[in-house]
Amino acid sequence: MTRRRVAADEVRQANRGWWDADADDYQAEHGAFLGDVDFVWCPEGLREADARLLGELAGRRVLEVGCGAASCSRWLATQGARPVALDLSAGMLRHAAQAAARSGVHVPLVHADALALPFADAAFDTACTAFGAVPFVEDSAALMREVHRVLRPGGRWVFSVTHPMRWIFLDDPGEGGLVAVHSYFDTQPYVEQNARGVATYVEQHRTLGDRVRELVGTGFRLVDLVEPEWPAGHEGTWGQWSPLRGRLFPGTAIFVAEKPR
Ligand SMILES: C[S@@+](CC[C@H](N)C(=O)[O-])C[C@H]1O[C@@H](n2cnc3c(N)ncnc32)[C@H](O)[C@@H]1O
């Protein structure tokens, strides 16, 4: 693993390959926590049912960008919304289809890149993602522009990502993850690569200011920035997320934005 700049095409290939190859393991490890029909924003366990960050849902056309197994979209359907679940990875969408069959809740699944959304302008009232697409694309400002394009004026865009300050630390849920080792200001992505030096996994770091500037520069209005606290009694870990670290500093940032009318 290393930190280095990676061109957009190499990023796309790495992401597609990674999420296809990892889909079974990811769902085996996290599927029970995420549920078949549930909207969990983050490893802290904040649910849309409690947070209500998306606003009104009944009758709303909602795009879930980077949906994974699409449990959020199925939950949205049970709330009367009209969701469409989109992901770059066929492996993840296979799990979405299986979960639909298990749960009996079916939503349209679209296999596409979030950087080239196959929808008309203003096709959606709301867009959302829990850790999908945004942390992985090389040009996240371009993703903001695509989401802005497909939202109607007054539409809402809510996305969760790893909290930028986590990038200061090692990906260690234990004591080793409490010591600052990286510069917050170094925005080179985290890269795993094969023996030939080709990227196999790429995750992008943006500072809080970068994220705000990308939203505002696109024309969004920032409504809220939610930093979920680690809840009492939650003893589970998810990769680098743990009760030990969660009680000290935020692990997730959820950006709530609106396209002005
Ligand atoms: C951490 S998962 C989040 C999915 C789901 N919310 C969950 O919690 O399991 C990240 C998802 O983003 C998808 N993704 C990555 N890059 C993407 C892109 N450029 N366009 C669409 N989806 C992308 C991946 O395929 C993967 O399913």
Side-chain angles (χ1 to χ4, degrees), residues 6-48 53-54 62-76 83-100 107 109-119 127-147 150 158-163 166 171 189-192 199-204 228 236 238-241 251-254:
V6 185
D9 279 354
E10 191 180 349
V11 169
R12 187 179 303 106
Q13 281 201 336
N15 278 334
R16 195 191 290 263
W18 172 271
W19 290 105
D20 280 347
D22 193 55
D24 291 352
D25 288 348
Y26 181 89
Q27 296 303 331
E29 192 175 350
H30 302 301
F33 183 84
L34 295 170
D36 273 349
V37 184
D38 201 356
F39 197 135
V40 183
W41 279 110
C42 50
E44 289 83 355
L46 183 71
R47 288 183 156 71
E48 177 58 15
L53 303 177
L54 298 177
V62 185
L63 174 63
E64 185 185 6
V65 182
C67 63
S71 54
C72 299
S73 283
R74 284 187 296 280
W75 180 83
L76 290 166
V84 172
L86 174 144
D87 203 282
L88 180 67
S89 162
M92 287 299 228
L93 291 176
R94 186 167 36 80
H95 280 275
Q98 289 167 0
V107 301
L109 302 176
V110 176
H111 188 200
D113 189 336
L115 290 173
L117 295 172
F119 306 110
C128 61
T129 184
F131 283 82
V134 179
F136 303 105
V137 295
E138 193 266 334
D139 189 350
S140 45
L143 197 162
M144 300 298 140
R145 289 194 293 276
E146 264 301 82
V147 172
V150 302
V158 187
F159 62 91
S160 58
V161 292
T162 300
H163 197 289
R166 285 270 161 138
D171 266 358
Y190 167 92
V191 180
E192 294 180 14
T200 54
Y201 178 85
V202 183
E203 194 171 331
Q204 310 282 343
W238 176 314
Q240 49 95 352
W241 280 267
T252 297
I254 310 177

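When a ligand or atom number is given, it counts from 1 through the structure's own listing order.
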Trainee: To the nearest 0.5 angstrom, please state how far the NE2 atom of H95 sits from the CG atom of D36.
Mentor: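 CG of D36 is found 11.5 Å from NE2 of H95.
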Trainee: Ligand 1 and D87, any nitrogen or oxygen pair closer than 3.5 angstrom?
Mentor: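 Yes.
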Trainee: Among protein heavy atoms, which sits nearest to atom 4 (C) of ligand 1, and what does the distance come to when rounded to 0.1 Å?
Mentor: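 Among all protein heavy atoms, the one nearest atom 4 (C) of ligand 1 is G66 O, 3.5 Å.
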Trainee: Heavy-atom contacts under 4.0 Å between A69 and ligand 1: side chain, backbone, both, or neither?
Mentor: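 None of A69 does.
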Trainee: Looking at Y26, which atoms of ligand 1 are within less than 4.0 Å of one of its heavy atoms?
Mentor: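 Numbered from 1, ligand 1 contributes 1 (C), 2 (S), 7 (C), 8 (O), 9 (O).
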Trainee: State the SG-CG distance between C72 and L34, to the nearest 0.5 angstrom.
Mentor: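 Separation between the atoms: 7.5 Å.
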Trainee: Number the atoms of ligand 1 from 1 as they appear, then name those within less than 4.0 Å of a heavy atom of V137, with their elements.
Mentor: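 Near V137, meaning under 4.0 Å from one of its heavy atoms, ligand 1 has 19 (N).
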Trainee: Using a strict cut-off of 4.0 Å, indicate which atoms of ligand 1 neighbour a heavy atom of D113.
Mentor: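 Those atoms are 18 (C), 19 (N), 20 (N).
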Trainee: Test ring-ring contact (aromatic ring centres under 6.0 Å, His included) on F131 and W241; report intermediate values, then the result.
Mentor: CA-CA 14 Å; F131 283 82; W241 280 267; 5.6 Å; yes
Trainee: Which one holds for L34 and ligand 1: side chain close, backbone close, both close, or neither close, with close meaning a heavy atom under 4.0 Å?
Mentor: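 For L34, only side-chain atoms sit under 4.0 Å from ligand 1.
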Trainee: Within the structure, does A114 bring an N/O atom to less than 3.5 angstrom of an N/O atom in ligand 1?
Mentor: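 The answer is yes, given that A114 and ligand 1 share an N or O pair closer than 3.5 Å.
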Trainee: Geometry only, no angles: is L88 polar-contacting ligand 1 at N/O separations under 3.5 Å?
Mentor: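 Yes; the residue has a nitrogen or oxygen that sits under 3.5 Å from a nitrogen or oxygen of the ligand.
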Trainee: Checking the side chain of S160 only, and the main-chain atoms of W41 only, is there a donor and an acceptor separated by less than 3.5 Å?
Mentor: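 Here the side-chain-to-backbone pair exists.
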Trainee: Walk me through whether F136 and W18 qualify under ring-ring contact (aromatic ring centres under 6.0 Å, His included).
Mentor: CA-CA 11 Å; F136 303 105; W18 172 271; 9.4 Å; no
Trainee: Could you tell me whether the side chain of E48 reaches within less than 4.5 Å of the side chain of V158, counting heavy atoms only?
Mentor: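 Counting from C-beta outward, V158 and E48 never come under 4.5 Å.
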Trainee: With rounding to the nearest 0.5 Å, note down the distance linking CG in L93 to CD in Q98.
Mentor: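 One finds 11.0 Å between CG of L93 and CD of Q98.
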Trainee: Contact between ligand 1 and L115 is defined here as a heavy atom of the residue under 4.0 Å from a ligand atom; is it met?
Mentor: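 Under 4.0 Å: no for L115.
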Trainee: Side chain, backbone, both or neither: which part of C67 comes within less than 4.0 Å of ligand 1 when only heavy atoms are counted?
Mentor: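 Backbone only.
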Trainee: Considering the heavy atoms of M92, write down every atom of ligand 1 situated less than 4.0 Å from one of them.
Mentor: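 Matching atoms, with element in brackets: 27 (O).
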Trainee: Do V107 and L76 have side chains that get closer than 4.5 Å, going by heavy atoms?
Mentor: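 No; the side chains remain at least 4.5 Å from each other.
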Trainee: For R12, is there an ion pair with D139 - N to carboxylate O distance below 4.0 angstrom?
Mentor: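 No, this pair does not count.
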Trainee: Could you check atom 10 (C) of ligand 1 against the protein and tell me its nearest heavy-atom contact, residue, atom and distance included?
Mentor: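 Answer, as residue, atom name and distance: F131 O, 3.4 Å.
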Trainee: Nearest heavy atom to atom 14 (N) of ligand 1 wins, so pick from G68, A133, A130, S89.
Mentor: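 It is A133 that holds the nearest heavy atom.
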